[in-house]
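In each ligand, atom 1 is the first atom listed, and ligand 1 is the first ligand listed.
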Amino acid sequence: MRVKICGITRGAQGRSIAQLGASALGFICVERSPRYVRPEQIREIVDGLLAEGYGCDRVGVFADAEMAEICRVVEMGLLNAVQLHGSESPEFCQQLRSMLPTVEMIKAFRVRSAETLESVRQYEGLVDTLLLDAYDPNLLGGTGHTIDWSLLQGFRSDCAWLLAGGLTPENIGDALERFSPDGIDLSSGVEVAPGNKDLRKVEQLFEVLRRFHGAVAADAVG
Ligand SMILES: O=C(O)c1ccccc1NCC(=O)[C@H](O)[C@H](O)COP(=O)(O)O
């Protein structure tokens with residue numbers, strides 16, 4: 001199972017989190033987020049990861065950004081995945097795919113109702129991975145709110161999907177008893193403050209995951 005830890009802003013924390021077993025690290029490229037990191041900072045963090053041989057995925061998180069800007073940051077930051085966290089249309093995803101054919105495309109949905117889950121269907125086949133996050137009227141992500149899990153009961157997709165939204169070392173066991181996502185994504189649940197990760201909480205997370213999956217590989221769980 002993939003484990004994505006999002007909102008990395010510091011090189012040393014990124015490397016420690018990769019060492020603990022994260023398979024993907026997320027960098028917030030949305031300027032109004034308190035977790036925003038400039039492309040130059042991403043590059044510095046990524047250079048450090050690559051220099052130490054960490055093979056985890058490097059995900060740039062965007063929200064309704066211009067295609068040219070996404071391509072610029074991907075190139076500069078040596079990213080191998082983009083997460084589209086705004087209201088990007090299926091056509092936008094299709095066009096971006098043709099511009100970045102080798103980059104994983106993750107489309108995020110802020111799940112507010114059963115209709116949100118229906119809208120996901122239009123993206124299956126166009127993107128590589130879906131990410132289901134919580135809805136908040138004021139914030140795009142990193143909210144710490146959980147999705148109304150009753151809405152996800154019975155959710156299936158042809159696409160790989162990641163569960164996000166208010167996940168913590170305390171509730172991850174409960175989440176994985178209810179759902180079988182292809183991966184999980186956490187941010188504020190493993191933080192001291194926005195953008196400052198709590199390594200003890202990340203460690204605690206992997207301890208719980210080991211109980212579920214037996215063993216933790218260097219870049220994957222289970
Ligand atoms: O984290 C942010 O500040 C953010 C800002 C704008 C768009 C997306 C953002 N985060 C995206 C993520 O993938 C988070 O990990 C996801 O929303 C879950 O966050 P949390 O509920 O804090 O675990």
Side-chain angles (χ1 to χ4, degrees), residues 1-10 13-14 17 22-39 41-42 45 56-66 69-70 73 77 79-88 92 104-112 116 120 127-149 151-152 160-176 179 181-199 201-202 204-206 208-209:
M1 191 182 65
R2 277 179 104 181
V3 181
K4 171 173 168 271
I5 303 292
C6 205
I8 302 297
T9 64
R10 303 175 186 199
Q13 288 188 353
I17 291 168
S23 39
L25 299 180
F27 302 99
I28 306 296
C29 306
V30 180
E31 286 192 32
R32 61 184 181 278
S33 165
R35 302 178 182 87
Y36 173 68
V37 269
R38 286 178 291 105
Q41 289 172 278
I42 298 176
I45 299 171
C56 53
D57 291 318
R58 309 167 301 273
V59 186
V61 179
F62 300 86
D64 299 314
E66 299 283 335
E69 174 63 7
I70 297 175
V73 179
L79 302 175
N80 68 345
V82 295
Q83 178 175 321
L84 303 174
H85 217 93
S87 311
E88 296 85 1
F92 182 95
E104 178 188 3
M105 203 174 299
I106 303 171
K107 178 70 188 92
F109 298 85
R110 298 154 65 220
V111 180
R112 193 178 186 183
T116 319
V120 161
V127 299
D128 300 294
T129 309
L130 310 170
L131 181 147
L132 303 183
D133 198 2
Y135 174 81
D136 179 284
N138 302 310
L139 294 172
L140 284 171
T143 66
H145 303 323
T146 47
I147 302 175
D148 173 356
W149 285 354
L151 291 173
L152 296 187
W161 68 282
L162 307 181
L163 178 65
L167 298 176
T168 66
E170 288 76 26
N171 69 11
I172 196 67
D174 192 12
L176 294 178
F179 311 110
D182 298 281
I184 54 173
D185 169 277
L186 294 86
S187 184
S188 57
V190 289
E191 269 180 347
V192 179
N196 182 9
K197 298 300 171 197
D198 184 332
L199 297 179
K201 284 191 184 167
V202 178
Q204 213 184 320
L205 170 76
F206 280 99
V208 179
L209 294 176

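- Within the 4.0 Å heavy-atom shell around ligand 1 one does not find E191.
- Of the polar atoms of V30, none of the N or O atoms is found under 3.5 Å from an N or O of ligand 1, judged by distance alone.
- Near S33, the atoms of ligand 1 lying under 4.0 angstrom from a non-hydrogen atom of the residue are 2 (C), 3 (O), 5 (C).
- Residue contact check: T143 has heavy atoms under 4.0 Å from atoms 21 (O), 22 (O) of ligand 1.
- The protein non-hydrogen atom at the shortest distance from atom 11 (C) of ligand 1 is H85 CE1, 3.5 Å.
- Applying the 4.0 Å criterion to heavy atoms of C6 picks out, from ligand 1, the atoms 12 (C), 13 (O), 15 (O).
- Residue, atom and distance of the protein heavy atom nearest to atom 23 (O) of ligand 1 are S187 N, 3.0 Å.
- The ligand atoms of ligand 1 that sit less than 4.0 angstrom from a heavy atom of V61 are 8 (C).
- Taking all atoms of both residues into account, the shortest heavy-atom contact from G141 to R35 is O-NH1, 4.3 Å.
- For atom 7 (C) of ligand 1, the choice among I184, L131, L140 with the nearest heavy atom turns out to be L140.
- Looking from atom 22 (O) of ligand 1 to the surrounding protein, the closest heavy atom is S188 OG, 2.5 Å.
- Among protein heavy atoms, the minimum distance from atom 17 (O) of ligand 1 is reached at D133 OD2, 2.5 Å.
- From the protein, the heavy atom lying nearest to atom 2 (C) of ligand 1 is R35 NH1, 3.4 Å.
- Side-chain atoms of N171 come within 3.5 Å of backbone N or O of G166 as a donor-acceptor pair.
- Atom CG of residue L132 and atom OG1 of residue T116 lie 9.5 Å apart, to the nearest 0.5 angstrom.
- In terms of protein heavy-atom proximity, atom 18 (C) of ligand 1 is nearest to D185 OD1, 3.5 Å.
- The side-chain heavy atoms of V30 and H85, taken from C-beta on, include no pair separated by under 4.5 Å.
- Near Q83, the atoms of ligand 1 lying under 4.0 angstrom from a non-hydrogen atom of the residue are 11 (C), 12 (C), 13 (O).
- Note that the CZ atom of R110 and the OG atom of S87 stand 7.0 Å from one another [nearest 0.5 Å].
- Salt-bridge check for K4 with E104: failed, with every basic side-chain N at 4.0 Å or more from each acidic carboxylate O.
- Of the protein's non-hydrogen atoms, G166 N, 2.8 Å is the one closest to atom 21 (O) of ligand 1.
- Under a 4.0 Å heavy-atom criterion, G165 is in contact with ligand 1.
- Between the side chain of R112 and the backbone N or O of P137 there is no donor-acceptor pair closer than 3.5 Å.
- Side-chain N or O atoms of Q204 include none that pairs as donor or acceptor with a backbone N or O of P169 at under 3.5 Å.
- Each of the atoms 1 (O), 2 (C), 3 (O), 4 (C), 8 (C), 9 (C), 10 (N), 17 (O) of ligand 1 lies under 4.0 Å from some heavy atom of G141.
- The side-chain heavy atoms of T143 and S187, taken from C-beta on, include no pair separated by under 4.5 Å.
- Some N or O of G144 is nearer than 3.5 Å to an N or O of ligand 1, by distance alone.
- Formation of a donor-acceptor pair under 3.5 Å by the S23 side chain with backbone atoms of V3 is found in this model.
- From L205, atom CG reaches atom CG of L199 across 12.0 Å, with rounding to the nearest 0.5 Å.
- Between W149 and A175 the shortest heavy-atom distance is CH2-CB, 3.6 Å.
- With ligand atoms numbered from 1 in the order given, ligand 1 contributes 1 (O), 2 (C), 4 (C), 5 (C), 9 (C), 10 (N) to contacts under 4.0 Å with heavy atoms of I28.
- The contact set between ligand 1 and K4, taken as ligand atoms under 4.0 Å from a residue heavy atom, comprises 13 (O).
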